[in-house]
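Report on the following structure.
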Amino acid sequence: MKVEKFVDIIGADFYTGVPDSQLKALCSYLVNTYGIDKNHHIIAANEGNCAALGAGYYLATGKVPVVYMQNSGEGNIINPAASLLNGRVYGIPMIFVIGWRGEPGVHDEPQHIYQGQVTVKLLEDMEITPFIVSPETTEEELFAAMEKFRELLAEGKQVGFVIRKSALTYGGKMVYDNSYTMEREEVIRRITAFSGNDPIVCTTGKASRELFEIREQNGQSHKYDFLTVGSMGHCSSIALGIACAQSERKIWCIDGDGAALMHMGALSVIGGISPENLVHIVINNEAHETVGGQPTAMKNTDITAAAAACGYTYTACAGSYEELERELDLAKREKGLWLIEVKCAIGSREDLGRPTLTAMENKNNFMRFLQQTQEVY
């Protein structure tokens, strides 16, 4: 179904969400049609943020908002859905549009498998009535579903369109770019050169895939790296847990701008504990590149100032490879809590592969490495 028709049948005029590759057609259409506009479309930090934002829009206008997300974001909406939106509390109507990654019977990455199995059940448990949109869904079927949904929405209830792979199509292309010149894969290559045999915790998406391939190209072991293939926004907290438990060794965290924004409160926790052995690197291309390249709010955010305010010992922004290497060298040699923002271009190799080790193998290899080498420190 063409996304223009999908939007027309829903009939809403305010969308907020976190981009998803399964919803690329919708995300691209919204960016091309509205851009980032406070009256019609806002890309928010995380899905719970979106639900609350939508609730505010409803309270102010009486109009039903649409919140879009990947199904991995259902966890982030459980609290506002159960304790704010639900009819036992405020009864705030809302339309959720959810990309169904890991749908049973459809091959997908390991982080999506279980989430895919429970996607519809979670909605039903939260009393969010679902309707599954497939490539075969007709406009008439969608219209009939929306008619029933309007009755539920009028009662202050929530509904959800669960979008199967390739269910929505869009003929246009979204173009978003920045003026930065460094390439993320080359940035990660230089990080691995300076980190040496230190552990690295890497964020979800293309960054982890690039780190895996760099190790392959260098003939290095993957035991040094924990690839946070899911759980977007939490790699810095994982790194903090390791840094606290093994305070004598340097821990490196490769984060992304969209991920860092998703759970930005982690900066305060990390800064409050202020471990002297953690290097937090945020590769900032101002885009949700892995799921389509939609803009993030990091373009208007000074994350180095935020980190400094949260208690990080040292913060810096690198806009060139020379600046990056200078900061990496200092971080390697000196103690302290570091945040290095790296301004990076959008883009990756078309032939970029995926890890050939399973998530469980990655975890076991990484744990053995940490435990076997702990006594050295």
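Heavy atoms only: backbone and side chains are in, while hydrogens, waters and symmetry mates are out. Residue numbers run from 1 in the order of the sequence given.
When atom types are taken as modelled, the side chain of D257 and the backbone of E286 share a donor-acceptor pair closer than 3.5 angstrom. For T16 (side chain) and C50 (main-chain N/O), no donor-acceptor pair under 3.5 Å exists by modelled atom type. A donor-acceptor pair is defined here as one N or O able to donate and one able to accept, closer than 3.5 Å; no such pair exists between the side chain of T33 and the backbone of L30. Listed for the D108 side chain is a donor-acceptor partner under 3.5 Å among the backbone atoms of G102. In this structure, the side chain of T228 does not engage the main chain of G230 through any donor-acceptor pair within 3.5 Å. Distance alone, capped at 3.5 Å, places no donor-acceptor pair between the K24 side chain and the Y170 backbone. N362 contributes a side-chain N or O that, together with a main-chain N or O of D225, makes up a donor-acceptor pair within less than 3.5 Å. In this structure a side-chain-to-backbone donor-acceptor pair under 3.5 Å is missing from N71 to W100. A distance-only check finds no donor-acceptor pair linking the side chain of N218 to the backbone of Q220 [under 3.5 Å]. A donor-acceptor pair under 3.5 Å links the side-chain atoms of T204 to the main chain of V229, judged by distance alone.
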Quiz prompt | E127 vs R88, salt bridge (Lys or Arg N to Asp or Glu O under 4.0 Å): CA-CA, chis, key distance, verdict | solution = CA-CA 11 Å; E127 300 180 353; R88 294 171 182 79; 2.9 Å; yes

Self-check item: Derivation and outcome, side chain to side chain contact (heavy atoms under 4.5 Å, CB included), residues V201 and W252
Solution: CA-CA 6 Å; V201 179; W252 301 73; over 6 Å; no

Exercise. Starting from the C-alpha separation in whole Å, work towards a yes-or-no answer on salt bridge (Lys or Arg N to Asp or Glu O under 4.0 Å) for E341 and K343.
Key: CA-CA 6 Å; E341 179 188 20; K343 298 288 191 178; 3.3 Å; yes

Exercise. Go through M69 and V67 one step at a time and tell me if the side chain to side chain contact (heavy atoms under 4.5 Å, CB included) criterion holds.
Key: CA-CA 7 Å; M69 71 189 78; V67 170; 3.7 Å; yes

Quiz item: Stepwise, does the side chain to side chain contact (heavy atoms under 4.5 Å, CB included) test hold for L328 with W338?
Solution: CA-CA 10 Å; L328 292 174; W338 301 71; over 6 Å; no

Practice problem: Show your reasoning for whether side chain to side chain contact (heavy atoms under 4.5 Å, CB included) applies to E361 and N364. | Solution: CA-CA 5 Å; E361 288 171 332; N364 292 337; 5.9 Å; no

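How far OG1 of T119 is from CD of E124: 11.0 Å, rounded to the nearest 0.5 Å. Once rounded to the nearest 0.5 Å, the distance linking CD of E327 with OG1 of T315 reads 9.0 Å. Atom CG of L59 and atom OG1 of T61 lie 8.5 Å apart (nearest 0.5 Å). Taking CZ of F226 as the start and CG of L211 as the end, the distance is 12.5 Å to the nearest 0.5 Å. The structure places OG of S236 at 8.0 Å from CG of L278, a figure rounded to the nearest 0.5 Å. Note that the CD1 atom of I188 and the CD atom of E185 stand 7.5 Å from one another [nearest 0.5 Å].
Between Y68 and Y15, the angle of the ring planes lies from 30° to 60°, which puts this pair in the tilted group. In this pair, F131 and F149 present their aromatic rings perpendicular. The plane angle is above 60°, beyond the 30 to 60° band.
V97 and I128 are members of different hydrophobic clusters when ILVMFWY side chains are connected at heavy-atom separations under 4.5 Å. Both I281 and F194 are assigned to one and the same hydrophobic cluster, defined by single-linkage of ILVMFWY side chains at heavy-atom distances under 4.5 Å. If you chain together hydrophobic residues whose side chains sit under 4.5 Å apart, L142 and L123 never meet in one group. No single ILVMFWY cluster, assembled from side-chain heavy atoms under 4.5 Å apart, contains both M367 and F212. When hydrophobic clusters are built by joining Ile, Leu, Val, Met, Phe, Trp and Tyr residues whose side-chain heavy atoms come closer than 4.5 Å, directly or via intermediates, M262 is not grouped with I254.
Checking T290 against K206 by side-chain atom types alone, no donor-acceptor pair falls below 3.5 Å. Side chains of N197 and Y224: a donor on one and an acceptor on the other come within 3.5 Å. With hydrogens and angles left out, the side-chain atoms of H222 and E216 include a donor and acceptor closer than 3.5 Å. Of the N and O atoms on the side chains of D255 and H280, at least one donor lies less than 3.5 Å from an acceptor on the other residue. Under the 3.5 Å distance criterion, with hydrogens and angles disregarded, a donor-acceptor pair is assigned to the side chains of R101 and S21.
Between D329 and R326 there is no salt bridge, since none of the side-chain N atoms of the basic residue sits less than 4.0 Å from a carboxylate O of the acidic one. Note on E155 versus K157: salt bridge recorded, some NZ/NE/NH1/NH2 to OD/OE distance being below 4.0 Å. Note on K121 versus D125: salt bridge recorded, some NZ/NE/NH1/NH2 to OD/OE distance being below 4.0 Å.
Of the residues R184, R189, R354, the one that meets the salt bridge (Lys or Arg N to Asp or Glu O under 4.0 Å) test with E210 is R184.
The nearest pair of heavy atoms linking G292 to M174 is O-CE, 3.5 Å. For V175 against N32, the heavy-atom pair with the smallest separation is N-OD1, 4.5 Å. Heavy atoms only, all atoms of each residue included: T203 and C235 are closest at CB-SG, 3.8 Å. Scanning both residues, L267 and A306, for their nearest heavy atoms gives CD1-CB, 4.3 Å. When all heavy atoms are compared, the tightest approach of G258 to H288 is CA-CE1, 4.0 Å. Shortest non-hydrogen contact noted between I346 and Y176 is CD1-O, 3.5 Å.
Side-chain contact check for V3 versus L26: some heavy-atom pair is nearer than 4.5 Å. A 4.5 Å side-chain heavy-atom check between N86 and I92 finds every atom pair outside the cut-off. Inter-residue side-chain proximity for F369 and N365 is flagged as unmet; no heavy-atom pair is nearer than 4.5 Å. Between R150 and M146, the closest side-chain pair of non-hydrogen atoms falls below 4.5 Å. Residues V282 and V342 have side chains not in contact (no heavy-atom distance under 4.5 Å, counting atoms from C-beta outward). Between M232 and Q70 the shortest side-chain heavy-atom distance does not fall below 4.5 Å. Residues D198 and R249 form no side-chain contact, since every pair of their non-hydrogen atoms from C-beta on lies 4.5 Å or further apart. Annotation: side chain of I270 is not in contact with side chain of C310 (no heavy-atom distance under 4.5 Å).
In this structure, R190 is positioned above the aromatic face of Y321, its NZ or CZ under 6.0 Å from the six-membered ring centre and within 45° of the axis.
Taking the six-membered ring for Trp and the full ring otherwise, H41 and Y34 have centroids separated by 6.0 Å or more.
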Atom pairs and distances, donor-acceptor, side-chain atoms in residues 159-166, under 3.5 Å, two or more places apart:
{"from": "R164", "atom 1": "NE", "to": "E103", "atom 2": "OE2", "distance (Å)": "2.7"}
{"from": "R164", "atom 1": "NH2", "to": "E103", "atom 2": "OE2", "distance (Å)": "3.4"}

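Counting heavy-atom neighbours within 6.0 Å of E4 CD, excluding the residue itself, gives a total above 12.
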